[in-house]
2 protein chains.
Amino acid sequence: MTSDQSRPGLRDRKKRQTRAALSAAALRLVAERGLDQVTVEEISEAADVSARTFFNYFPSKDEALLGDQPTEREVLAARIVAAPPELSAFDALRLAFDDVVEAIEADREVWLLRLRVIAANPSLLPRLISGNAETEQVIVAAVAARLGLDPCHGHPTLVTTVAGAVFRTALMQWVEQPGTTTLRELTAGAFAAVSAGLPDPYAAT
Amino acid sequence: MTSDQSRPGLRDRKKRQTRAALSAAALRLVAERGLDQVTVEEISEAADVSARTFFNYFPSKDEALLGDQPTEREVLAARIVAAPPELSAFDALRLAFDDVVEAIEADREVWLLRLRVIAANPSLLPRLISGNAETEQVIVAAVAARLGLDPCHGHPTLVTTVAGAVFRTALMQWVEQPGTTTLRELTAGAFAAVSAGLPDPYAAT
DNA sequence: AGCGATCTTGCAGGCAGTGCAAACTTTTAG
DNA sequence: CTAAAAGTTTGCACTGCCTGCAAGATCGCT
């Protein structure tokens, strides 16, 4: 009875809340004290659940800090195959990352905190965005499909890992800037530099 | 008295031996069973030392599998600053990695095993060669010095991370090939692709 | 042989992460 | 409304990584 308009159901709402609370508590505490000065127990306590429950939501302490990678992954892959066919695979990736940029700027505060945490705890950096092995495989498969190549061909892997490195670099630059530049500009600049073959700045003919 | 020709001394020789034995045992066991089916205790037992001693040599189980990164790091940095000044930073890195290629081909068997282990346990991949945060900082500093830029400028970081991604990709391709290609060729091809701006294969004008 | 420096080892302990089973809560069905 | 079903939280026990500390073994030098 009562209001039945909540399509997700009470159960799902609670799960979302708990997940968000754990993630937020993890970010806040690690930002304050550093990654290995915070225990899972403390994070769980701050989110009012048991430590065991933490591991029902995240397979490791790190994952609670890195955002929702499965979602990002699907969005990215979909955008890669949907990109205009006249674009090169690298340009398709560049375009796909534009949407990630948009998503990040929509959650600006959370992402700035997350990136500050990652910058302060570099062991997290490689697993950001496309660093996860599963995520990378999905992207590589999408690129390979787009090019009509075997995934065993080296090019899809090369393009994917390079684009991931470019984007990660742009993110790290963004968070180190006082706010003088937008993430969009930094990403565009980094991708453009790679497209130009990475000439030295000002030294190109 | 007696033979004094051994400059390293007995002690250093033993240390080298122990380190090598631990590394070899780790590689062999993890290749056979997988990363998390091998305990540090088992590795230490296979090398005839205590588990506690393992951690006197390597700060983590992973490090025993990844080779001697501090050495690689210094070699790379030295080669970057020593590269002909007319080369772009990216080409200097390409050249520097040529020496790493040479070192790897000199230890071909060990490196093939190591790369097979890394391919089978992808959590190790990001920390290979320049994935370590410390290593990357050293390389970025060398590149920045070469360009006469602040390390806070984004370009050194971009070039370094991209080159690292390129080289890691080449390594992974190499180990997946039956042996049809040399690492040198794969590396050269991957760097050339990036220098050309990552066009699609065969689709470039 | 003996002294100092270095290396190895055992021990105690903290923390991450997993499996299992009991308690609890929401959903569904009668 | 009630009771079963399905899903969630929690405690407990356990393995394994990793660290600090102090005692003992080994090596290099005189």
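Chain identifiers are assigned alphabetically (A, B, ...) following the order of the sequence lines, protein sequences preceding nucleic acid strands; residue numbering begins at 1 within each chain.
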Would you kindly give the [atom1]-to-[atom2] distance between [X] and [N], to the nearest whole Å?
X: B:D48; N: C:dT8; atom1: CG; atom2: C1'; result: 13 Å
X: B:I43; N: D:dG16; atom1: CD1; atom2: P; result: 12 Å
X: B:F54; N: D:dT19; atom1: CZ; atom2: P; result: 11 Å
X: B:L22; N: C:dT8; atom1: CG; atom2: P; result: 9 Å
X: A:K15; N: D:dG7; atom1: NZ; atom2: P; result: 10 Å

Give the residues of residues 56-73 of chain A touching DNA chain C, defined as any heavy atom closer than 4.0 Å, sorted by residue number.
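A:P59, A:S60, A:K61 - these, ordered by number, are the residues of the stretch whose heavy atoms sit under 4.0 Å from the strand.
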
Protein proximity profile, nucleotides 19-25 of chain C - base contact B, sugar-phosphate-only contact S, no contact -, cut-off 4.0 Å on heavy atoms:
BB----B

Atom CD of residue position B:E41 - does it have more than 12 heavy atoms of other residues, nucleotides or ligands inside 6.0 Å?
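No, because the 6.0 Å sphere around CD of B:E41 holds 12 heavy atoms or fewer from other groups.
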
List the residues meeting salt bridge (charged side-chain N to carboxylate O under 4.0 Å, His left out) with A:D98, not counting sequence neighbours, and say none if there are none.
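So A:D98 forms no salt bridge (charged side-chain N to carboxylate O under 4.0 Å, His left out) with any residue.
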
A:E42: salt bridge (charged side-chain N to carboxylate O under 4.0 Å, His left out) partners, not counting sequence neighbours
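With sequence neighbours excluded, A:E42 shows a salt bridge (charged side-chain N to carboxylate O under 4.0 Å, His left out) to A:R33, given in chain and number order.
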
With a 4.0 Å cutoff (strictly under), does any side-chain N or O of A:S50 reach OP1 or OP2 of D:dT10?
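Result: yes.
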
Salt bridge flag under 4.0 Å for residues B:D91 and B:R94:
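Yes, this pair counts.
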
Enumerate the side chain to side chain donor-acceptor pair (under 3.5 Å) contacts for [range], please, sequence neighbours excluded, ordered by first and then second residue.
range: residues 162-172 of chain B; result: A:T161-B:T169, B:S130-B:R168
range: residues 106-122 of chain A; result: none
range: residues 135-149 of chain B; result: B:R73-B:T135

Contact list for residues 128-155 of chain B, test ring-ring contact (aromatic ring centres under 6.0 Å, His included), sequence neighbours left out:
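Applying ring-ring contact (aromatic ring centres under 6.0 Å, His included) to every pair that reaches into residues 128-155 of chain B, excluding sequence neighbours, yields nothing.
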
Which residue pairs satisfy the ring-ring contact (aromatic ring centres under 6.0 Å, His included) criterion with at least one member in residues 9-33 of chain B, sequence neighbours excluded?
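Passing the test, one end in residues 9-33 of chain B: no pairs.
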
Selection: residues 24-42 of chain B, any non-hydrogen atom under 4.0 Å of DNA chain D:
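Correct list: B:V38, B:T39, B:V40.
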
List in chain and number order the residues that pass ring-ring contact (aromatic ring centres under 6.0 Å, His included) with A:F54, two or more places apart in sequence or in another chain; answer none if no residue qualifies.
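Listed in chain order: A:F58.
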
For a quick test of your reading: what N or O donor-acceptor pairs under 3.5 Å do the side chains of residues 173-185 of chain A make, sequence neighbours left out?
| residue | atom | partner | partner atom | Å |
| --- | --- | --- | --- | --- |
| A:Q177 | OE1 | A:T180 | OG1 | 3.2 |
| A:T182 | OG1 | A:E185 | N | 3.1 |
| A:E185 | OE1 | A:T182 | N | 3.4 |

